[in-house]
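Read through the structure below, which is laid out as structure tokens, and then see the notes.
By convention here, the first residue in the shown sequence is residue 1. Because only heavy atoms are used, hydrogens play no part in the values below, and waters and symmetry mates are left out as well, while side chains stay in.
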Amino acid sequence: MDQAHLYNGSLTAEQFLFYEIRIAAKYYINGKTIEEAIESIKKDNLFQYPTERQVSRLARACYRRLDALDNEQLIHELAFAPGEIARQINLYAIMKYNRLVWEFMIQVIGEKYSSQDFSFLRKDLNAFFTRLQAQNDSISAWSENTVNKIKSVLVRMLVETEYLDGIRSTILNPILLCEELEEGIRANHDDEALPAFNCFR
């Protein structure tokens with residue numbers, strides 16, 4: 001992860017996009033430009049949105065995450081692997097693209113696993129954002145509403161990837177990192193991300 005990467009609040013709109021990124025990955029693998037992919041997705045209503053308005057923006061978000069993944073094998077697995085594996089890879093893709101998610105997963109979730117502290121409380125999220133706001137002017141300028149939305153998206157991502165059983169859960173599940181993603185993370189020299197997936201080997 002390039003630490004010069006700016007923080008952005010796009011997570012409020014982009015969220016997990018699992019269904020969408022699986023579709024986008026197939027176009028990406030076939031060498032389709034983002035414009036070609038958007039055209040096909042709209043034509044066949046592949047995202048199944050009620051209107052086309054969001055299709056372009058969210059397809060572009062998926063392509064940016066695939067670019068950030070920068071690993072052909074992982075992109076292929078994201079498109080075709082069973083859901084459980086692909087969900088983990090999607091989380092990693094979001095981490096690679098979004099600095100805030102990267103830091104949350106490593107500094108909060110990875111730290112929890114490394115210290116064998118499986119509690120996950122609202123105060124953990126609050127402390128993470130308080131620290132970020134103290135360190136970064138752009139984040140300290142975000143409205144309370146934006147911060148609360150991002151917190152809820154982060155929690156829902158943890159539910160989607162089975163770190164949590166539900167949005168009110170206060171216990172982290174002992175995640176098992178899939179072999180495909182572990183190989184991809186190591187190939188990308190992102191070993192510091194492994195604790196976020198409860199991997200310490």
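Nearest heavy atoms, Ala196 versus Ile106: CB-N, 4.3 Å. Counting all heavy atoms, side chain and backbone alike, Gln133 lies closest to Ser140 at O-CB, 3.4 Å. In plain terms, the two heavy atoms of Val159 and Gly166 that are nearest each other are CG2-C, 3.5 Å. Annotation for Gly83 and Arg22: closest pair N-NH2, 4.3 Å, computed over non-hydrogen atoms. Listed here is the closest heavy atom pair of Ile94 and Gln15: CD1-O, 4.2 Å.
Counting only residues at least two apart or in different chains, salt bridge (charged side-chain N to carboxylate O under 4.0 Å, His left out) contacts with residues 166-189 comprise Glu182-Arg186, Glu182-Arg201, Arg186-Asp191. Each ring-ring contact (aromatic ring centres under 6.0 Å, His included) pair with one or both residues in residues 46-65, not counting sequence neighbours, appears once here: Tyr28-Tyr63, Phe47-Tyr49. Applying the salt bridge (charged side-chain N to carboxylate O under 4.0 Å, His left out) test to residues at least two apart or on different chains, the pairs with a partner in residues 141-166 are Arg87-Glu160. The ring-ring contact (aromatic ring centres under 6.0 Å, His included) contacts involving residues 146-179 comprise nothing, where partners must be two or more places apart or lie in separate chains. Applying the salt bridge (charged side-chain N to carboxylate O under 4.0 Å, His left out) test to residues at least two apart or on different chains, the pairs with a partner in residues 25-49 are Glu35-Arg60.
Side chains of Val108 and Leu154 form no contact here, defined as non-hydrogen atoms less than 4.5 Å apart. At least one side-chain heavy atom of Trp102 sits less than 4.5 Å from a side-chain heavy atom of Asp190. Taking 4.5 Å as the limit, every side-chain heavy atom of Asn71 sits out of range of all side-chain heavy atoms of Tyr92. Trp142 places none of its side-chain heavy atoms less than 4.5 Å from the side chain of Thr12.
Under the 4.5 Å side-chain heavy-atom criterion for grouping Ile, Leu, Val, Met, Phe, Trp and Tyr, Ile167 is connected to Leu11 within one hydrophobic cluster. Residues Tyr113 and Leu176 do not share a hydrophobic cluster, clusters being chains of Ile/Leu/Val/Met/Phe/Trp/Tyr side chains in contact below 4.5 Å. Leu121 and Phe129 are assigned to two separate hydrophobic clusters, defined by single-linkage of ILVMFWY side chains at heavy-atom distances under 4.5 Å.
In this view, Asp70 satisfies the salt bridge (Lys or Arg N to Asp or Glu O under 4.0 Å) rule with no residue, not counting sequence neighbours. Annotation: ring-ring contact (aromatic ring centres under 6.0 Å, His included) contacts of Phe16 (sequence neighbours excluded): none. Residues passing the side chain to side chain contact (heavy atoms under 4.5 Å, CB included) test with Ser143, sequence neighbours excluded: Asn145, Thr146. With sequence neighbours excluded, no residue forms a side chain to side chain donor-acceptor pair (under 3.5 Å) with Thr130. In terms of the side chain to side chain contact (heavy atoms under 4.5 Å, CB included) criterion, residue partners of Arg131 (sequence neighbours excluded) are, by chain and number, Gln107, Phe128, Gln135. With sequence neighbours excluded, no residue satisfies ring-ring contact (aromatic ring centres under 6.0 Å, His included) with Tyr19.
Remark: the Asn8 side chain and the Ser10 side chain contain an N/O donor-acceptor pair separated by less than 3.5 Å.
In this structure, CG on Asn188 lies 7.0 Å from CG on Leu69, to the nearest 0.5 angstrom. In this structure, the separation between CG on Leu100 and OH on Tyr7 is 7.0 Å, given to the nearest 0.5 Å. Here CD1 of Ile38 is found 11.0 Å from CD of Glu52. Values are rounded to the nearest 0.5 Å. Leu58 contributes atom CG, which lies 10.0 Å from atom CZ of Arg53 (distance to the nearest 0.5 angstrom). For the atom pair CG of Asp124 and CG of Asp117, the computed distance is 7.0 Å after rounding to the nearest 0.5 Å. Rounding to the nearest 0.5 Å gives a distance of 13.0 Å between OG1 of Thr170 and CZ of Arg122.
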Worked verdict on Met105 versus Leu158 for side-chain contact (heavy atoms from CB on, under 4.5 Å): CA-CA 10 Å; Met105 289 303 299; Leu158 294 177; 4.0 Å; yes
Residue pair Leu164, Asn173: steps toward the side-chain contact (heavy atoms from CB on, under 4.5 Å) verdict: CA-CA 6 Å; Leu164 297 174; Asn173 294 320; 5.6 Å; no
From CA spacing to verdict: side-chain contact (heavy atoms from CB on, under 4.5 Å), Ile21, Leu66: CA-CA 8 Å; Ile21 203 163; Leu66 294 166; 4.2 Å; yes
Extract all donor-acceptor atom pairs below 3.5 Å that involve side chains of residues 73-80 and protein atoms in other chains or at least two apart in sequence.
{"from": "Gln73", "atom 1": "NE2", "to": "Glu77", "atom 2": "OE2", "distance (Å)": "2.9"}

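The pair Glu14-Arg64 meets the salt-bridge criterion, since a charged nitrogen lies less than 4.0 angstrom from a carboxylate oxygen.
Between Phe120 and Phe104, the two ring planes are perpendicular [angle over 60°; tilted spans 30° to 60°].
Summarising the local packing, CD1 of Ile171 is surrounded by more than 12 heavy atoms from other residues, nucleotides or ligands at distances under 6.0 Å.
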